[in-house]
Amino acid sequence: MTAPWDDWDHIVKLDPDKSLYGDETFDDVCATGTDAVEIGGTLGMTEEKMTRFVEPCIEACADHGIPCYIEPSHADVVVHDEALDGFLVPVVLNAGDTFWLTGAHQHWVREDRDIDWARTHTEAYIVMNPDSSVAEYTEADCDLDAADVAAYAEVAERMFGQEIVYVEYSGTFGDSEVVAAASEALDEATLFYGGGVGDYDAAYEMGRHADTVVVGDLIHDAGSDAVRETVEGARDGTRERVSARASE
Ligand SMILES: CC(C)=CCC/C(C)=C/CC/C(C)=C/CC/C(C)=C/COP(=O)(O)OP(=O)(O)O
Ligand SMILES: O=P(O)(O)OC[C@@H](O)CO
Ligand SMILES: [Mg+2]
């Protein structure tokens, strides 16, 4: 079966609690060559801020022929817009507070009668940076080594049928051995990596292990020229990974 993210090497994650860089536009964001845009963050998320980003972003994504997804941090920021490609809803496997594993989801499904399941997918997060907002918010246990992370990845795929596993180092560049271990543990699921990717080399390094490299802060802090380099890095890393596998 094919999934929309099968061919994504790179995602830009836009945080509606932040501004775009300088006088850049959503069109500039899409013109980086990224494969998809996700809109989400942990702190300061409101329906109003989400809507303010979603509408122009959908338009720019459509102009560039790339998909636009909301990644909600809670039920209130699920903005229903027919023109969205859908929702990538996190479940945090190593959350200390199980509300972020199933509780928030149960609450959402009970309250929201407009959920379009055909456009709603989950991402099985493994949160690794203890200093990130998401780690604090979910009380994540980040004291995990490569084998621990690989086991979580396998649980996600084999026991919970997750199609996306997300190794999340939000705000800091992660350990590529951990990402490699997660990759080796997966058979079918797509591996997302995110955190601290700031240049070509960082994107290349993680693109050699993860299927998809997610770049967040850089688009807000350094802008689209810097992000364009990470698109190149992720693409070249993917190429290297695919050719290494083919010669195994
Ligand atoms: C049930 C619904 C609709 C939602 C719940 C979804 C869950 C489990 C959310 C908890 C994890 C979370 C907050 C995910 C949001 C995406 C994410 C990890 C963004 C990264 O945020 P940070 O970079 O840590 O935060 P800031 O950029 O705000 O500092
Ligand atoms: O903001 P950065 O550190 O690039 O992380 C990207 C993404 O994984 C955050 O959810
Ligand atoms: Mg962030």
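Just so we're clear, the structure is a prediction, and the values are computed from it rather than from any experiment. Just so you know, these numbers use all the heavy atoms, side chains as well, and skip hydrogens, waters and symmetry mates. One-based numbering, in listed order, for ligands and for the atoms of each.
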Which residue and non-hydrogen atom of the protein lie closest to [atom], and at what distance in Å?
{"atom": "atom 1 (C) of ligand 1", "result": "A104 O, 3.4 Å"}
{"atom": "atom 5 (C) of ligand 1", "result": "S73 O, 3.7 Å"}
{"atom": "atom 2 (C) of ligand 1", "result": "V89 CG1, 3.9 Å"}
{"atom": "atom 18 (C) of ligand 1", "result": "E168 OE2, 3.3 Å"}
{"atom": "atom 19 (C) of ligand 1", "result": "T42 OG1, 3.6 Å"}
{"atom": "atom 23 (O) of ligand 1", "result": "S170 OG, 2.5 Å"}
{"atom": "atom 15 (C) of ligand 1", "result": "G41 O, 3.8 Å"}
{"atom": "atom 10 (C) of ligand 1", "result": "W100 CE3, 3.6 Å"}

If you measure every N/O of [X] against every N/O of ligand 2, is any gap under 3.5 Å?
{"X": "K13", "answer": "yes"}
{"X": "D217", "answer": "yes"}
{"X": "L218", "answer": "no"}
{"X": "G216", "answer": "yes"}

Compute whether any side-chain donor of one residue and acceptor of the other, for [X] and [Y], lie under 3.5 angstrom apart.
{"X": "D175", "Y": "Y169", "answer": "no"}
{"X": "H10", "Y": "T34", "answer": "yes"}
{"X": "T238", "Y": "R235", "answer": "no"}
{"X": "E163", "Y": "T190", "answer": "no"}

For [X], counting its heavy atoms only, list the atoms of ligand 1 lying under 4.0 Å from any of them.
{"X": "L43", "result": "28 (O)"}
{"X": "Y137", "result": "13 (C)"}
{"X": "Y125", "result": "16 (C), 17 (C), 18 (C)"}
{"X": "V134", "result": "11 (C), 12 (C), 13 (C), 18 (C), 24 (O)"}
{"X": "K18", "result": "27 (O)"}
{"X": "S133", "result": "24 (O), 25 (O), 26 (P), 29 (O)"}
{"X": "D15", "result": "27 (O), 28 (O)"}

In Å, rounded to the nearest 0.5 Å, how long is the span from CZ of R228 to CG of D28?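 R228 atom CZ to D28 atom CG measures 8.0 Å (nearest 0.5 Å).
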Nearest 0.5 Å, what's the CD-OH distance between E205 and Y200?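 OH of Y200 is found 11.5 Å from CD of E205.
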Candidate list V78, I115, V109, L88, test side chain to side chain contact (heavy atoms under 4.5 Å, CB included), partner T120, passing option: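 Per the side chain to side chain contact (heavy atoms under 4.5 Å, CB included) rule, the option paired with T120 is I115, out of V78, I115, V109, L88.
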With heavy atoms under 4.0 Å as the rule, classify the contact between Y169 and ligand 2 as side chain, backbone, both or neither. neither
Given that the side chain starts at C-beta and the backbone is N, CA, C, O, which of these parts of [X] lies under 4.0 Å from ligand 1, counting heavy atoms, or is it both or neither?
{"X": "F87", "answer": "neither"}
{"X": "P90", "answer": "both"}
{"X": "E71", "answer": "side chain"}
{"X": "D17", "answer": "neither"}
{"X": "V92", "answer": "side chain"}

Using the ring of each side chain (for Trp, its six-membered ring), is H107 parallel, tilted or perpendicular to F99, with breaks at 30° and 60°? tilted
Should the ring pair Y166 and Y125 be called parallel, tilted or perpendicular, given that the plane angle runs from 0 to 90° and is split at 30 and 60?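 Judged by the thresholds at 30° and 60°, the geometry between Y166 and Y125 is parallel.
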Give a yes/no on ligand 1: does P72 have at least one heavy atom closer than 4.0 angstrom to it?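 The answer is yes, since P72 has a heavy atom less than 4.0 Å from ligand 1.
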Look only at the side chain of [X] and the backbone of [Y], and say whether a donor-acceptor pair between them is shorter than 3.5 Å.
{"X": "T51", "Y": "E47", "result": "yes"}
{"X": "K49", "Y": "G44", "result": "yes"}
{"X": "D35", "Y": "D9", "result": "yes"}

Does some side-chain heavy atom of [Y] sit less than 4.5 Å from a side-chain heavy atom of [X]?
{"X": "I39", "Y": "Y69", "value": "no"}
{"X": "S170", "Y": "N129", "value": "no"}
{"X": "D116", "Y": "H80", "value": "no"}

Against heavy atoms of [X], which atoms of ligand 2 measure under 4.0 Å?
{"X": "E168", "result": "7 (C), 8 (O), 9 (C), 10 (O)"}
{"X": "G195", "result": "3 (O), 5 (O), 6 (C), 8 (O)"}
{"X": "G196", "result": "2 (P), 3 (O), 4 (O)"}
{"X": "G194", "result": "8 (O)"}

Taking atom CZ as the centre, does F173 end up with more than 12 heavy-atom neighbours from other residues, nucleotides or ligands that are less than 6.0 angstrom away? yes
Please confirm whether the ring centroid of W100 lies under 6.0 Å from the ring centroid of H105.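 For W100 and H105, the ring centres are not under 6.0 Å apart.
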Taking the non-hydrogen atoms of Y166, is any one of them nearer than 4.0 angstrom to ligand 2? yes
